[in-house]
Amino acid sequence: MRKKNKIIKLITAGVLAVGMLLSTTGLSFAEGDIPYDSYNYNYRKDIVFTPAPYVPDGNVTGLDVGITNFKEPQDICVSDDGEIYVADTGNNRIVVMDREMNKVNRIIEGFDMNGKAETFNAPMGLCVSENNELYVADSNNKRIVVLTPEGDFVKIVDNPQSEILEDDFDFVPLKVTVDYADRVYVIAKKAYEGILVFENTGDFTGYFGTIEVKITLWEKFWRRIASKEERANQQLYIPTEFTGIDVDADGFIYASNIDSAGIQAVRRLNPQGKDVIQKGENGNVGGDIRWSEYGDYSGPSEITDVVYRGQGKYSLLDRKRGRIFTYDKEGNLLYIFGGKGQQKGTFLTPVAIEAVDDEILVLDSGHNAILKFRATNYGSLINEAVGLRYDGDETKAIDKWQEVLRLDENNELANNGIGKAYLTAGENKKAMKYFKNGMNRKYYSIAFKRYRNEILAKNLGKIMTVVIAFIAFVVIFKKIRRKKKNAPREEGLL
């Protein structure tokens, strides 16, 4: 068994290495070719190649929209009215483009604060609230700047004060998001205790969603017997910093982080700061499940950002291998695509991800560009099926999943989607068939029990008739047998 697992790991590593080699050697591709492989994982957690869910749809640079090029941009967001905002960090400006990114609507390089001219200093993060206010993590100025979409000053959020903060705490905001109540959530540099939360008044209220680091018994034992020098050289056992942040319409915070185990690299935090994310059948929401142990791309995925896409879907951006992973509300991995390299459609240094309808936008600080990806028929069908299930329209979801199976006949996700739809509709026998094809033991067992109960309920009258008849037969049989036993004794008395 160990030998088999070792062989599987070597094959997987080879596949990833070849895919990465093709992405980085600058090979030219014929028109229509896709510069990366798309894949998913089956129930055994082995790689299964799939049709492409998304394909490259062009790059946008500063020069493309008539301004100087972006310089090490670090964040991107989309407002409700469709405008695209870019934190052009190296140029100390915010660039606002139209929905199609054909032109620049305006550039915000500074603002007037109570009669004083202010500028940005390395703005790292931004977002636009439901109230249509622009929040900028003005990192080197150690503040959150709040402006109108046109760039007029609203307020400043800075200098958090609290007994829970260290005396030497230095507030350097990196990422920011805002919920429906205008509460401000900030990822700050070296804020290991969690996400900083500010009320709409600007008052700091505490940390949110702290990630606890678990130490094994061996690590605890080693630290007890290790010398001071050895302990100093060991990794510090401190909570993990968050890397990206987004919020859904209900106020749940999606926050990504670097997970050294590759198991959970995103959290869904409720208003109390408790993680309520679901992890799906394989228990993993951390990017790649398998990876090589050697080479430049070894180790688990390094998730650098997250975007909530509506109807329970969210996507994670992996800066190590340039992959994009998309999950549904139940934690099922829907599809994987993307890669690193020099050719169009691949990344150098992906830093932020956004979505507009079915289109995905990735900001690359290495290419100094926004990379666009459009959904294929295969990707759109999966998105629509997941959305229909989320909205409770299971019947239409079946039709979409059937179309997915026509494109990818062994798609476990589609089989399970159809199975769940039939299960919800009470068609348990059909559900069993699709759960079997989807290798889903958990839901097959549920469908089987329901089907068994259904059969019992339908045939209850017949079963009861047989049982009563059997009982009557036993009673009559015993009486006859008793008479036969007593018959010789009565004859003897005569």
Side-chain angles (χ1 to χ4, degrees), residues 60 62 65 67 70-101 103-114 116-159 171-188 195-202 244-249 251 253-254 305-308 351-356 361 363 370:
V60 177
V65 290
I67 62 175
F70 301 132
K71 184 178 180 182
E72 298 179 358
Q74 293 297 314
D75 204 4
I76 183 173
C77 79
V78 181
S79 65
D80 289 340
D81 59 9
E83 286 191 314
I84 312 294
Y85 290 73
V86 175
D88 192 4
T89 308
N91 287 322
N92 296 315
R93 65 186 182 182
I94 307 301
V95 178
V96 187
M97 294 174 284
D98 65 347
R99 165 64 181 83
E100 291 74 25
M101 292 185 285
K103 66 175 183 177
V104 171
N105 288 347
R106 58 194 171 277
I107 297 176
I108 305 173
E109 296 182 295
F111 53 93
D112 182 278
M113 185 173 67
N114 302 323
K116 181 184 177 182
E118 293 280 340
T119 58
F120 300 113
N121 189 353
M124 295 283 289
L126 49 72
C127 75
V128 177
S129 70
E130 289 187 12
N131 291 329
N132 205 30
E133 290 182 333
L134 171 63
Y135 288 71
V136 180
D138 191 10
S139 300
N140 287 353
N141 281 330
K142 302 179 182 181
R143 63 189 180 182
I144 302 293
V145 178
V146 187
L147 306 171
T148 66
E150 291 72 31
D152 295 327
F153 176 72
V154 177
K155 63 183 177 182
I156 294 288
V157 177
D158 65 352
N159 193 27
F171 181 58
V172 181
L174 302 176
K175 299 289 181 180
V176 60
T177 196
V178 182
D179 67 13
Y180 59 85
D182 278 349
R183 281 183 291 265
V184 184
Y185 299 84
V186 179
I187 296 175
I195 298 166
L196 282 74
V197 184
F198 299 82
E199 290 297 330
N200 56 12
T201 58
I245 192 168
D246 202 2
V247 62
D248 66 16
I253 302 298
Y254 287 76
D305 199 16
V306 56
V307 59
Y308 178 72
V351 293
I353 185 170
E354 257 294 354
V356 183
L361 310 177
L363 185 64
I370 301 167

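Closest heavy-atom contact between E133 and V154: OE2-CG1, 3.7 Å. Counting all heavy atoms, side chain and backbone alike, G251 lies closest to Y180 at CA-CE2, 3.7 Å. K142 and P173 get closest at one heavy-atom pair: CA-CD, 3.9 Å. For the residue pair I144 and A137, the shortest heavy atom distance occurs at CD1-CA, 3.7 Å. Among all heavy-atom pairs drawn from I108 and E150, the shortest one is CD1-C, 4.4 Å. Of all the heavy atoms in A122 and N140, the pair that sits closest is CB-ND2, 3.5 Å.
Using a 4.5 Å cut-off on side-chain heavy atoms (C-beta onward), F171 and N159 make no contact. Here the side chains of T119 and N92 are not in contact, with every heavy-atom distance at 4.5 Å or above. Between K103 and M97 the shortest side-chain heavy-atom distance does not fall below 4.5 Å. L134 is not listed as a side-chain neighbour of V96, based on a closest heavy-atom distance of 4.5 Å or more. Side-chain contact between V176 and V184 is present, with heavy atoms from C-beta onward closer than 4.5 Å. Side-chain contact between L361 and M101 is present, with at least one heavy-atom pair separated by less than 4.5 Å.
If you check the side chains of S79 and D81, you find a donor sitting under 3.5 Å from an acceptor.
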### Task
Test side chain to side chain contact (heavy atoms under 4.5 Å, CB included) on Y254 and D248 and set out the steps.
CA-CA 8 Å; Y254 287 76; D248 66 16; 3.7 Å; yes
### Query
Do I76 and I84 pass the side chain to side chain contact (heavy atoms under 4.5 Å, CB included) test, and can you show the C-alpha distance, the side-chain angles, and the key distance before you say yes or no?
CA-CA 7 Å; I76 183 173; I84 312 294; 3.8 Å; yes
### Query
Hey, mind stepping through L363 and Q74 against side chain to side chain contact (heavy atoms under 4.5 Å, CB included) and telling me if it holds?
CA-CA 7 Å; L363 185 64; Q74 293 297 314; 5.6 Å; no
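With N141 contributing its side chain and P123 its backbone, the two residues share no donor-acceptor pair below 3.5 Å. A donor-acceptor pair is defined here as one N or O able to donate and one able to accept, closer than 3.5 Å; no such pair exists between the side chain of N200 and the backbone of D182. The closest donor-acceptor contact from the side chain of D138 to the backbone of N121 lies under 3.5 Å. Not one N or O on the side chain of D75 forms a donor-acceptor pair closer than 3.5 Å with the backbone of A87. Judged purely by atom type and a 3.5 angstrom limit, N132 has no side-chain atom pairing as donor or acceptor with the backbone of T148. Judged purely by atom type and a 3.5 angstrom limit, D305 uses its side chain to pair as donor or acceptor with the backbone of I353.
Atom CD1 in I94 sits 8.0 Å away from atom CG in D88 (nearest 0.5 Å). Atoms CZ and CD1, on R143 and I156 in that order, are 4.5 Å from each other to the nearest 0.5 Å. Here the straight-line distance linking atom CD of E72 with atom OG1 of T89 works out to 8.0 Å at 0.5 Å rounding. Taken from CZ in F120 to OG in S139, the straight-line distance is 11.0 Å, to the nearest 0.5 Å.
The environment of K155 atom NZ is dense: over 12 non-hydrogen atoms of other residues, nucleotides or ligands sit within 6.0 angstrom.
Residues that satisfy the ring pair (Phe, Tyr, Trp, His ring centres under 6.0 Å) test with F153, not counting sequence neighbours, are F111.
Between R106 and E83 there is a salt bridge, with a side-chain nitrogen of the basic residue lying less than 4.0 Å from a carboxylate oxygen of the acidic one.
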